[in-house]
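Notes for the one structure printed next.
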Amino acid sequence: MSISNLKNTSLLKTKSYINGQWLDADSGQTFDVIDPANGEVIASVADLGVGETHRAIQAAEKAMQPWKKLTAKERSNILRKWYDLIMLNQDDLAIIMTAEQGKVLAESKGEVGYGASFVEWFAEEAKRVYGDVIPSTTIDRRSIAIKQAIGVVAAVTPWNFPNAMITRKAAPALAVGCAIVLKPASETPLSALALAELADQAGIPAGLFNVVVGTNAVDIGKELTSNPLVKKFTFTGSTPIGKLLIQQCSNTVKRTSMELGGNAPVIVFADADLDKAVSGALIAKFRNAGQTCICANRIIVEDSIYDEFIEKFTAQVKQFTLGNGFDENTTIGPLITSKATKNIQALVNDAKEKGAKVLTGGNIDTLGDNFYQPTVIVNLNNEMRIAREEIFGPVATIFKFSTEQEAITMANDTEFGLASYIFTKDMSRVWRVSEAVEYGMVGVNEVAISSEIIPFGGIKESGQGREGSKYGLDDYLEIKYICLGDI
Ligand code: NAP
């Protein structure tokens with residue numbers, strides 16, 4: 001299986017999609033998209049810049065004027081067609097994703113379904129954007145609050161979820177009447193462009209969903225964050241870039257939402273179902289080869305079950321099969337680049353130098369520079385870089401605690417606050433610990449916490465705003481107060 005197996009070849013686009021047109025770069029430049037599993041060039045894609053981004057924003061502003069005047073139901077009907085087409089092309093979209101991102105094909109297929117679910121959800125949810133009639137304090141007045149589309153939305157998205165991170169922003173924006181200009185990660189532009197092709201086929205009017213692909217992220221980002229026509233900037237990516245972009249948005253006082261990095265703890269109490277905790281921690285750590293923002297970064301285990309947990313966990317890690325995401329036997333694919341594997345090696349080396357012990361793995365694999373061995377490390381402390389930084393790879397770190405309060409303190413000892421997980425059967429403890437951990441999301445005896453119906457997002461330096469759920473519309477709406485007098 002490879003990208004040559006696409007049934008619908010119209011999905012493989014190499015130009016950007018602006019105002020309903022497929023465009024080359026003004027400069028004529030292109031760049032290569034690389035398959036991380038074997039280094040082969042999948043496609044050469046137009047490398048757009050600031051001028052094209054500027055024009056996309058202008059097109060978006062124009063396109064949203066009639067779009068926002070449609071009823072929510074009319075917009076919903078068009079978005080529903082986009083959802084249907086994404087699902088109809090799920091297999092092909094998954095092939096494109098595995099080719100450019102590397103994740104195991106079944107995970108790619110899962111992500112396409114997950115990504116589509118946001119389009120379906122927000123197409124429905126936008127019909128329920130209610131306002132308020134506020135009880136008046138004077139007899140001759142009535143006070144009303146209505147909600148309206150915020151305006152043109154600019155979005156920048158990462159490579160680790162090349163489909164869902166886009167639909168999670170585009171669907172609510174479009175559903176409430178906004179237009180969007182998206183810059184996807186330059187490692188994974190093909191999934192974004194395939195979504196644009198399906199948006200076109202679904203009849204989403206020109207100018208509403210624009211995809212600008214370019215490697216000059218700095219300058220494209222400056223245009224997206226400084227253009228006064230953009231009223232809302234939404235970003236998913238690393239915390240340092242998120243901080244920079246918030247600063248850039250401040251000059252024009254744009255509304256921002258930020259889905260940034262994480263450092264998720266998995267706390268396993270001695271009263272937990274040990275086998276479920278082991279398999280939960282494995283999934284939380286190793287999905288997408290450890291490259292998710294909600295991946296377990298620190299597994300924190302109560303001392304009385306620590307040895308047994310490690311034994312069971314490590315035995316299962318040794319069962320993983322590294323390989324090309326298209327191979328049926330593969331359970332862990334390559335990392336996105338060799339820079340990523342080198343970063344992880346540096347974290348592992350730092351931990352080893354400070355006394356950590358590697359139980360399995362611990363090296364870049366002989367399969368190639370982009371493959372990192374599934375790894376388990378113990379004898380850790382919070383001074384090591386691996387405990388404080390986002391690992392973003394298939395390396396599990398297992399810590400030990402002896403009291404509930406110690407576990408909470410360890411879990412909270414980070415500037416991040418995205419996802420956290422707890423394994424215990426004690427319901428009182430579930431409440432105590434869930435309320436005490438400083439995270440936007442808590443999975444209790446469950447690690448598959450993401451879906452379109454829940455408010456996904458972080459606190460502290462993991463971000464601001466929520467994506468999915470009924471709250472996911474709020475970031476794309478303004479509240480307007482209307483005072484009716486002389487009644
Ligand atoms: P990244 O380096 O921050 O890049 C993310 C996006 O920002 C890419 O499109 C990148 O473009 C662009 N970018 C980089 N520098 C920029 C600049 N100066 N101005 C404007 N845009 C800029 O992050 P990543 O390595 O792709 O993604 C991994 C990170 O995303 C991790 O920290 C992960 O935790 C986080 N993440 C968070 C969530 C969440 O929901 N909280 C979900 C997924 C991922 P280029 O690709 O062209 O460089």
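Atoms within each ligand, like the ligands themselves, are counted from 1 in listed order.
- For Glu467, no heavy-atom contact with ligand 1 is shorter than 4.0 Å.
- Checking only distances, Glu390 does come within under 3.5 Å of ligand 1, N or O to N or O.
- At a heavy-atom distance under 4.0 Å, only side-chain atoms of Phe235, from C-beta outward, approach ligand 1.
- Salt-bridge check for Lys103 with Glu111: passed, with a basic side-chain N closer than 4.0 Å to an acidic carboxylate O.
- At the shortest separation from atom 40 (O) of ligand 1 among protein heavy atoms lies Arg168 NH2, 2.9 Å.
- Taking the charged nitrogens against the carboxylate oxygens, Arg128 and Glu125 do have a contact shorter than 4.0 Å, which makes a salt bridge.
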Before you tell me yes or no, could you show the steps for Thr256 and Gln464 under side chain to side chain donor-acceptor pair (under 3.5 Å), namely the whole-Å CA-CA distance, both residues' side-chain angles and the distance that decides it to 0.1 Å?
CA-CA 8 Å; Thr256 58; Gln464 45 182 237; 2.6 Å; yes
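- The closest approach between a heavy atom of Trp159 and any atom of ligand 1 is below 4.0 Å.
- Interatomic distance, CD of Glu390 versus OG1 of Thr292, reported as 8.5 Å (0.5 Å rounding).
- Atoms of ligand 1 lying under 4.0 Å from at least one heavy atom of Asn160, given by number and element, are 43 (C), 44 (C).
- Atoms of ligand 1 found under 4.0 Å from any heavy atom of Thr236 (numbered from 1 in listed order, with element): 5 (C), 36 (N), 37 (C), 38 (C), 39 (C), 42 (C), 43 (C), 44 (C).
- Nearest protein heavy-atom contact of atom 20 (C) of ligand 1 is Ala217 O, 3.3 Å.
- Atom 3 (O) of ligand 1 has Ser238 OG, 2.6 Å as its closest protein atom, hydrogens excluded (heavy atom only).
- Residue-ligand proximity, Gly221 to ligand 1, at heavy-atom distances under 4.0 Å covers atoms 20 (C).
- Ligand 1 has a nitrogen or oxygen under 3.5 angstrom from a nitrogen or oxygen of Lys183.
- Protein heavy atom closest to atom 12 (C) of ligand 1, with residue, atom name and distance, is Val156 CG1, 3.6 Å.
- A salt bridge does not link Asp475 to Arg466: none of the charged side-chain nitrogens sits closer than 4.0 Å to a carboxylate oxygen.
- Heavy atoms from other residues, nucleotides or ligands lying under 6.0 Å from NZ of Lys276 number 12 at most.
- In this structure, the ring of Phe392 has its center less than 6.0 angstrom from the ring center of Trp159.
- Within ligand 1, the atoms closer than 4.0 Å to a non-hydrogen atom of Leu245 are 19 (N), 20 (C), numbered from 1 in the order shown.
- The structure places CG of Asp365 at 4.5 Å from CD of Gln373, a figure rounded to the nearest 0.5 Å.
- Counting atoms of ligand 1 from 1 in the listed order, those under 4.0 Å from a heavy atom of Leu418 are 41 (N).
- The shortest N or O to N or O distance between Leu260 and ligand 1 is under 3.5 Å.
- Salt bridge Lys169/Glu467: present, at least one basic N to carboxylate O contact under 4.0 Å.
- Distance from atom 9 (O) of ligand 1 to its nearest protein heavy atom, with residue and atom name: Thr157 O, 2.7 Å.
- The option from Phe31, Phe233, Phe392 that lies nearest to atom 33 (C) of ligand 1, judged by heavy atoms, is Phe392.
- Within ligand 1, the atoms closer than 4.0 Å to a non-hydrogen atom of Pro158 are 26 (O), 27 (O), 44 (C), numbered from 1 in the order shown.
- Atoms of ligand 1 found under 4.0 Å from any heavy atom of Glu187, numbered from 1 in the order shown, are 46 (O).
- At distances below 3.5 Å, at least one donor-acceptor pair connects side-chain atoms of Arg298 with backbone N or O atoms of Asn263.
- Annotation: atom 35 (C) of ligand 1 to nearest protein heavy atom, Gly237 O, 3.2 Å.
- Counting only heavy atoms, the protein gets under 4.0 Å from atom 15 (N) of ligand 1.
- Each of Lys231, Arg255, Lys147 was compared with Glu478 under the salt bridge (charged side-chain N to carboxylate O under 4.0 Å, His left out) criterion, and only Arg255 meets it.
- For atom 36 (N) of ligand 1, the nearest non-hydrogen atom of the protein is Cys293 CB, 3.5 Å.
- The backbone N or O of Phe118 lies less than 3.5 Å from no partner atom in the side chain of Arg168, so there is not a single donor-acceptor pair.
- Residue-ligand proximity, Leu244 to ligand 1, at heavy-atom distances under 4.0 Å covers atoms 18 (N).
- Residues Glu100 and Pro162 are in side-chain contact: their nearest non-hydrogen atoms beyond the backbone lie under 4.5 Å apart.
- Taking a cutoff of 4.0 Å between a charged side-chain nitrogen and a carboxylate oxygen, Glu120 and Arg80 qualify as a salt bridge.
- The protein heavy-atom contact nearest to atom 47 (O) of ligand 1 is Ser186 OG, 2.6 Å.
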